[in-house]
Amino acid sequence: MDKTVGSLAEAVSRIGDGAHVMIGGFGGSGAPIELIHALIDRYRATGHPKDLTVINNNAGNGHVGLAALIEQRMVKKLICSFPRSADPKVFTDLYLAGEIELELVPQGTLAERIRAGGAGIPAFYTPTAYGTDLARGKKIEEFDGRPYVQERWLKADVAIVKAYRADRHGNLVYSKAARNFNPLMCMAAAHTIVQVEEIVEPGGIDPEVVVTPGIFVQSVVCVTDPQQEEDLNRQGAHHP
Amino acid sequence: MDKTVGSLAEAVSRIGDGAHVMIGGFGGSGAPIELIHALIDRYRATGHPKDLTVINNNAGNGHVGLAALIEQRMVKKLICSFPRSADPKVFTDLYLAGEIELELVPQGTLAERIRAGGAGIPAFYTPTAYGTDLARGKKIEEFDGRPYVQERWLKADVAIVKAYRADRHGNLVYSKAARNFNPLMCMAAAHTIVQVEEIVEPGGIDPEVVVTPGIFVQSVVCVTDPQQEEDLNRQGAHHP
Amino acid sequence: MIPKLSNAQIAWRAAQDIEDGAYVNLGIGFPEMVARYQPEGREAIFHTENGILNFGEPPAEGTEDWDLINAGKKAVTLKPGAAFFHHADSFAMVRGGHLDVAILGAYQVAENGDLANWSVGAGGVPAVGGAMDLVHGAKRVAVITEHVTKKGEPKLLSRCTLPLTGVACVTRVYTSLAVIDIEGGRFVLREKLPSLSLDALQSLTGGELHVPGPVTDLIVPEL
Amino acid sequence: MIPKLSNAQIAWRAAQDIEDGAYVNLGIGFPEMVARYQPEGREAIFHTENGILNFGEPPAEGTEDWDLINAGKKAVTLKPGAAFFHHADSFAMVRGGHLDVAILGAYQVAENGDLANWSVGAGGVPAVGGAMDLVHGAKRVAVITEHVTKKGEPKLLSRCTLPLTGVACVTRVYTSLAVIDIEGGRFVLREKLPSLSLDALQSLTGGELHVPGPVTDLIVPEL
């Protein structure tokens with residue numbers, strides 16, 4: 001069993017128009033910048049994929065990564081908790097012009113909805129957002145005398161995520177707080193594509209410390225020295 | 001911050017009559033034998049705690065650990081998925097005599113209910129058990145044209161669990177498949193008591209490999225060379 | 001005496017349908033035998049509910065590690081690329097549709113795919129374990145079983161009479177006599193022992209066998 | 001000019017109520033200052049939504065690791081005994097009642113404990129982050145805030161007029177003028193600046209201040 005693919009371009013080659021795409025990371029931490037840029041490069045060469053629905057905690061920052069994806073007008077709708085950043089101009093301009101849809105979800109509910117998608121739980125109840133605008137139109141049920149909001153699972157056609165190290169079976173470990181949404185998104189997508197700094201043989205990761213078991217991963221691509229969104233933005237980088 | 005306690009007796013000293021007690025382990029693997037036996041010893045000395053509701057995957061095996069707890073008549077009700085074992089006589093006799101209650105829960109639903117208890121999710125929907133006797137009387141709801149069963153969270157007053165190593169903050173790592181229900185039960189109890197083979201200073205466990213963060217743990221007790229239920233039963237052991 | 005496959009031969013036949021790279025859960029007991037007959041050159045990864053992916057053969061007697069067991073509480077070993085995880089993550093794999101195949105035993109299977117394999121009804125101590133979870137989520141849920149009970153009664157029925165494990169969940173049944181798919185609420189015969197007539201097979205089956213296409217000879221090596 | 005506490009002084013006052021051994025989440029921005037004023041001899045463990053327990057001070061400029069940030073996306077360091085975990089486990093800690101204290105900023109707080117701190121209403125891009133989760137689950141949800149807005153309007157009100165973050169969730173408010181508990185749907189005054197009369201404080205407060213017990217002088221060091 002070998003889930004490695006040879007290039008970033010090959011890794012993102014099968015993402016289709018209209019796909020629901022989960023993109024890992026919290027801000028720039030754990031964001032798969034190289035995979036996102038490969039997707040942009042493909043779009044600029046072929047016109048595909050377009051009309052994407054993207055699930056991420058944020059809406060990008062500056063002109064690289066998710067912000068660059070939005071800037072290319074590849075994203076029809078964004079599902080996120082916090083579309084603000086140091087430089088949110090790309091998303092903000094399109095949103096205020098009514099040219100991108102936004103589904104705003106509380107951060108913990110977003111995480112739990114993604115986990116539910118991966119775990120085969122179609123709906124659950126949470127106290128979060130009860131009595132607020134973000135619960136409008138949602139089913140309310142009382143348990144033990146307290147009201148809760150019903151929330152639905154979130155699934156995706158594809159997840160593109162970043163980890164630190166993988167073995168050829170797709171077992172993953174992460175680096176520090178770059179873990180965040182990545183392990184959940186691996187679970188919730190039909191096809192999960194991971195970029196890692198290092199690929200080792202099976203047995204090269206202690207079974208006790210695996211964070212994402214390989215069953216949740218379909219493709220692994222090696223990016224030995226990945227860029228950090230924060231560094232790129234401090235340099236004023238643009239992609240392309 | 002130091003969550004260590006000096007003895008098994010002290011660790012279990014505050015469990016009250018009628019308490020809901022989660023006991024970690026899957027069969028003998030990950031079962032906190034020494035903590036269970038300390039609880040039995042306290043009961044034999046003081047008459048407390050009694051009328052316990054115990055949550056465990058199984059109903060014990062032979063005459064040690066959970067089986068011994070049941071044999072002492074300390075358990076009023078058992079919530080489990082599989083009350084059969086190589087030697088299930090203790091539970092079976094009491095059950096057939098109508099002297100212990102049983103709530104039978106599919107294993108995956110049991111795990112998810114405990115996680116939900118720990119995660120503040122009062123109810124969720126699962127396909128498991130739909131159309132079977134174990135869904136009787138439960139709320140059914142359709143999502144995307146498929147019927148699902150509503151299940152409620154499970155919480156406990158106390159969890160007694162087994163891990164491999166702890167630091168003084170209660171961060172835990174486990175040994176192999178002895179992990180099983182233990183990390184979930186740590187999350188779902190108001191007070192979690194853990195027995196470990198080794199206690200180290202904070203910093204002695206790599207933050208990347210912590211399985212149970214210390215926030216879910218209240219008491220840690222050291223049992224350097226814990227017994228395995230399987231070995232005890234092969235020796236024909238009884239407790240006391 | 002009707003010719004029939006041994007348990008090992010049924011397990012062998014089921015093993016031939018497991019694709020290279022498949023993630024597989026084998027039910028406790030008889031289904032565990034399927035792992036022995038993986039075709040050469042194919043690598044399946046086995047999952048056990050209690051939190052291991054990619055476990056292997058039992059260890060030598062006397063070298064067991066009782067922290068390293070499968071769902072049947074039998075000692076196992078690890079293969080390179082194994083992973084441990086807790087019970088909620090384990091059943092996320094099951095319920096979330098991440099397993100390619102689950103192979104389970106059965107008391108009864110109905111032509112609509114209903115499965116009964118956890119309870120013989122009233123009396124005794126009920127125990128369900130992971131059975132009701134395993135029938136949901138795996139991309140393919142197959143059953144391996146004797147074609148009839150020890151008393152000679154059909155186990156493949158129009159409707160199950162024993163308490164159900166799951167509704168409309170089974171898609172293929174490997175029996176001691178035949179391989180039968182469940183499609184559109186019907187038993188569809190795919191393979192049968194060459195020495196057995198269709199009529200004879202039908203007489204041992206509690207629901208109607210449909211034969212929309214060719215029926216292959218069910219040929220299995222001596223084991 | 002009304003005398004009032006600086007932000008640092010409000011944060012200092014809030015920090016005095018954090019017990020030894022408490023697990024604490026501090027909201028993004030102003031609430032983060034509370035971490036600086038932990039009383040000597042007490043050890044609190046700080047949680048950040050993006051998956052760290054027991055993080056510490058920011059690193060020196062130029063030594064940041066951008067994989068090691070807090071929920072405000074600022075670089076942090078680790079203390080001994082830290083742990084990493086994914087977002088679902090992180091919010092299990094929040095929603096599951098495992099945090100002892102959450103300290104948040106506010107646009108408005110109502111006497112029934114309602115909090116508005118995520119949206120100033122129509123216009124602009126809405127963003128909620130973890131605010132709606134944090135108000136549920138922590139054993140104690142406290143707010144630190146100026147007593148009035150920059151325009152001098154009360155932030156403590158009978159009812160919030162801005163979009164709510166959570167219903168009946170706040171139990172204590174530390175302001176630039178006073179410490180006020182929310183009990184039984186009422187503002188209960190506990191401490192006020194000694195130079196400020198009760199009438200003056202009431203005139204700056206949009207809901208009735210109840211004084212069922214002694215009111216302590218709110219005394220805070222120069223910072």
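Bear in mind that the values here come from a model prediction, so they are computed numbers and not experimental data.
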Margin query: Measuring from atom CD of A:E141 to atom CD of B:E141, what distance do you get when rounded to the nearest 0.5 angstrom?
Written below: 7.5 Å
Check: Which class fits the ring pair A:Y125 and B:Y125: parallel under 30°, tilted 30 to 60°, perpendicular over 60°?
Finding: tilted
Checklist line | Which atom of B:G120 lies closest to which atom of A:P127, heavy atoms considered | finding: O-CD, 3.6 Å
Next item on the list: Give, for atom CD1 of A:I121 and atom CZ of B:F143, the distance between the pair rounded to the nearest 0.5 Å.
Entry: 10.5 Å
Margin query: Strictly below 4.0 Å, N to O, side chains only: are A:D144 and B:R152 in salt-bridge contact?
Written below: yes
Checklist line | Derivation and outcome, side-chain contact (heavy atoms from CB on, under 4.5 Å), residues B:V209 and A:E208 | finding: CA-CA 8 Å; B:V209 310; A:E208 297 281 7; over 6 Å; no
Check: Checking heavy atoms, do the side chain of A:R146, its backbone, both or neither come under 4.5 Å from chain B?
Finding: neither
